[in-house]
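Only one structure is covered here, and it is reproduced in the block below.
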Amino acid sequence: MLEKNYNPKDFEEKIYADWEQSGDFMPDMHSSKDAFSIVIPPPNVTGVLHMGHALDDTLQDILVRYNRMLGKKVLWQPGTDHAGIATQMVVERNLAKEGISRHDLGREKFIETVWKWKEKSGGTICKQLRRLGASCDWSRERFTMDEGLSRAVRRIFVNLYKDGLIYKAKKLVNWDSKFGTAVSDLEVVQKETVGKMYYYKYPIEGEEGQYVHIATTRPETMFGDTAVAISKNNEKLKHLIGKKCIIPIINRAIPIIADDHADPEKGTGAVKITPAHDFNDFEVGKRHNLPMINVLNLDATLNENTPYPGLTTQEARAKTIETLTQMGLMDKIEDHPMVIPYGDRSGVVIEPLMTDQWFVDAPVLAKEAIRAVEQGEMEFVPKSYEKTYFEWMRNIQPWCISRQLWWGHQMPIWYGPDGTIFCEESEEEAQTAAEKHYGKSVALTRETDVLDTWFSSGLWAFSTLGWPDKTSYLDTFYPTSVLVTGFDIIFFWVARMMMMSMYMMKKVPFKKCYIHGLVRDEQGRKMSKSKGNTVDPMDTIEKYGADALRFFMAAMETQGRDINLNESRIAGYRNFATKLWNAARFGEMNGCQGRKDFDEKTVQHPVNKWIVAKAKQATKEVTDNLNNYRFSDAANAVYQFVWGTFCDWYIEMIKPIFYGNNEAEKAETKACFAWVLDRILVILHPFMPFITTELWNNTQQREVKLIHAAWPMAEEVNLEAINDIDWAIDLISAIRSLRAEMNLPASAKLNITLSGAGEDSRQHAAAFNTIICSLARLESLSCQNVEVTPDMVQSVFKECTMLLPLKGVIDFAAERDRLKKELETLNKNLEGYARKLSNPNFVEKAPQAVVEEEKRRQAEALENKAKVEKALARIANF
RNA sequence: GGGUGUGUAGCUCAGUGGUAUGAGCACUACGUUGACAUCGUAGGGGUCGCUGGUUCGAUCCCAGCCACACCCACCA
């Protein structure tokens, strides 16, 4: 028995637990069917589910469930990411509450603490994914830091190193002073700010009273200046080239050099060059062999190369300006709009800093990754994201992979006493290699840096399947079928996976990459904690059920567009679920359990034939749209069928059968109802897995679980059966409109006489009788002599409208106006058709079908015109 | 500065070279029909951003413009 009210909370969690315990999410490895696999974009282990996940994982689950019902071997591989910086940050914050810093604990103890934290609170997001209904194979859940994946990381690192694609170099990198680590270009965000431009001057050496005027936004870095650059095309200033100037305060002489980096139009035309603290200056420094003077400590305070060691950059800046002013060297200070780099996690200003770091030779790896997409081995959906991908890949810079953190994959690098590098997968192997190199056993020290989190994420598509071991899962499921992710992650992850997979596996990690947009708030603003406009999907699920949220995501997902969250719409999809629930209850109440003997191919009654055909048509639409990743079209096709066809019309049309006494018809209709409801449950299941399962389990005895029910394929749709009833629906709609238009009171009884006969009229009349019966009941109509053919109906109806004995009820003046207006429109259209059809250009150049259609319309309009004229004549005297 | 995308009903958005039978929500009127008021029936509401061009025909294709997003790079 179904409860009176649809209450998703009653069953959603219970149903999920059953699936998981019964192993329903595990692939049937013995099946001979194709494989379908998705690896989940691993959420941060520290993460909680947000609307972006809800969208991303709903789409994946729809594809997974759909393919599972197609009978394929389906694996949705779940797991989480150790998220180096993010996790270290969370754990450090917790420690800070107890007044402990990670340095108090020491590296080993700290890492232990992180693991403990992970065991205790790391699983939140996976629990939430279950609540959403994600049918991941949790028995295979992985973590980027677990032993298997760590082994994969070491293996690929050693391979890359030995191929010369990983190298160590002292370079200017983005330095995050909060975490004391290098970060990659991608982890730096540029923020617009109004800063200040400082104009001041450096005295020319040996020329009293002569100066070179410079402009800078960062005066405190002047102690690291090793030159001043002027363009050789700068007529005003080029006489200074070759001289030397003096850095005030520290009185160090630096050369004035010629370099086109100095744009005569910008600033003062002369640029101070600080190679150790600016990426452009670094390049200038390299060109001119300038020394590099580092003026910052790792915590972004000034160092002993400056007069202000220990001060922050802000403090030092103030101090520098003060001193320069006292010395009379300041020219002016102006407001200056500028962008300043910040760490995306830390929120502190990123400093370019010279440090020893490890790099992946991304430009080399990118080549294969580009080729694979060019040659269609991997396709983006929508295709336009290719451009973004190519653009970035073709301009890719070496990827800085070393992080001076504690939480992460420690690099498999060991140093000998003389600094020789041994890169091996284990300490033993490194020892062996060292022994071979030195001819004796020596003590090695391991590199303390860990790897960028995205390094291990880049291996996700194959490391989770067991690589580097040869496993059946790897054979079966790699390359994976599709990757579903947001566009914001293309560079971070998609690009890196492509590079790593092409390098190591020589195959793409996924055959398709479906890119979706962002979930925004109702006004289309980006959701962010600081704006306070985030919506917790768990709250939404609590309020409307997981099915409603999922359906919302699917229905709103149109390719290449962001989704604005819309609570009323989610409520609308909860109502949709309620509607289906009640329809099922209607079936239950009328004994529609069991459809054992029902064969939808031999169904008799026109209404049943019609709904069967409609159901098949809807199935085809859903199937086609899902195959093309058109989520919203697929969702809307089911929605429209369930509500607009099944509930609005079918149920209404079969009521007379249920309340009548033709037992044969009744029996067939009951079975048919059950069949259609089952069909709905099947095609709706990927979108709304919970309610469909609950109804599946409670409407009749089952041999298969819905999650494994077969998706119907390649059915023939009986279009004739569809027409048989569709015209009747049009008719009823027209009658209803007419009643409303005429303002008839509910009690008014209409007398409609339909007449006409045709060869095939009997069948249609049967259908029509059914309709009219329900209509009579609902619309207070009585109908006689019903015998019509579909193609007659329009005309019959038009006539009977006019013949309705409604004198005194109809406002005939208004009706005349309406008809006259219609006549006008028809005449106008007829003119248009005639003009077109007499235009030789149209007749010759337009497609034949279009011309035919035009002719048909013309004929139709002529016919209508005749009828309207006739009708006008009839009511002329009223 | 380079690039991408978006302007269609009050709102959020589908869609299409052939008269926009557009969707949901919101709105108006009516409705205690034996699944459902988390409902039903009917209705109002659009010069498809602007201007040109291509075409027999443009909301759709092309060009320009305006507006709004976003991405990349840089600004001494």
Does [X] place a side-chain N or O at less than 4.0 Å from the phosphate oxygens OP1/OP2 of [N]?
X	N	answer
K655(A)	A35(B)	yes
R561(A)	G7(B)	yes
N575(A)	C39(B)	yes
N564(A)	C13(B)	yes
K387(A)	G5(B)	no
Y659(A)	A35(B)	yes
R630(A)	G15(B)	yes

Next on the checklist: Are the side chains of L580(A) and L677(A) in contact, using a 4.5 Å heavy-atom criterion?
Outcome noted: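 L677(A) reaches L580(A) side chain to side chain.
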Next on the checklist: Quick one, M222(A) and L324(A) - any side-chain contact, counting heavy atoms below 4.5 Å?
Outcome noted: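 Yes, their side chains come closer than 4.5 Å.
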How is [X] classified with respect to the nucleic acid when contacts are heavy atoms under 4.0 Å: base, sugar-phosphate, or nothing?
X	answer
T217(A)	sugar-phosphate
S568(A)	sugar-phosphate
A262(A)	base
N280(A)	sugar-phosphate

Among [options], the one nearest [X] by side-chain distance:
X	options	answer
I651(A)	A35(B), U38(B), C72(B)	A35(B)
M556(A)	U12(B), C74(B), C39(B)	U12(B)
N566(A)	C39(B), U12(B), U38(B)	U12(B)

Under 3.5 Å on both distances, the Watson-Crick or G-U partner of [N]:
N	result
A29(B)	U41(B)
A73(B)	none
C68(B)	G5(B)
C48(B)	none
G24(B)	C11(B)

[N] versus [M] - spacing of their [atom1] atoms, nearest Å:
N	M	atom1	answer
G40(B)	G34(B)	P	15 Å
C72(B)	G53(B)	C1'	33 Å
C70(B)	U16(B)	C1'	27 Å
G7(B)	G18(B)	C1'	24 Å
G3(B)	G45(B)	C1'	39 Å
C50(B)	U8(B)	C1'	15 Å
G15(B)	U59(B)	C1'	10 Å
C48(B)	U21(B)	P	14 Å

Checklist outcome for this item: Closest non-hydrogen contact found for K4(A) with N582(A) is O-OD1, 4.0 Å
Between [X] ([atom1]) and [N] ([atom2]), how many Å, whole number?
X	N	atom1	atom2	answer
E652(A)	G40(B)	CD	C1'	8 Å
E621(A)	G15(B)	CD	P	14 Å
Y6(A)	A35(B)	OH	C1'	16 Å
D185(A)	C74(B)	CG	C1'	14 Å
Q640(A)	A23(B)	CD	P	9 Å
M527(A)	C70(B)	CE	P	15 Å
D344(A)	C71(B)	CG	P	13 Å
R585(A)	A37(B)	CZ	C1'	14 Å

Next on the checklist: Let me spell it out: for each of Y639(A) and T558(A), pick the nucleotide of RNA chain B with the closest heavy atom. Which residue's pick is nearer the 5' end?
Outcome noted: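 In this pair, the answer is T558(A).
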Next on the checklist: Nearest heavy atom decides the nucleotide; on that basis, is W643(A) or M589(A) closer to the 5' end of RNA chain B?
Outcome noted: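 Going by which nucleotide is closer to the 5' end, it is M589(A).
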Checklist entry - Quick one: NE2 on H213(A) to CG on L237(A), what's the gap to the nearest 0.5 Å? => result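 One finds 9.0 Å between NE2 of H213(A) and CG of L237(A).
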Next on the checklist: Let me confirm one number: the CZ-OG1 distance from F487(A) to T388(A), rounded to the nearest 0.5 Å.
Outcome noted: 9.5 Å
Next on the checklist: Are Y385(A) and F380(A) an aromatic pair, judged by ring center distance below 6.0 Å?
Outcome noted: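 No, too far apart.
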Checklist entry - When the ring centroid of F576(A) is compared with that of Y639(A), is the distance short of 6.0 Å? => result yes
Checklist entry - Hey, are R585(A) and E3(A) close enough for a salt bridge, meaning a charged N less than 4.0 Å from a carboxylate O? => result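 Here R585(A) does not pair with E3(A) in a salt bridge, since their nearest N and O are not under 4.0 Å apart.
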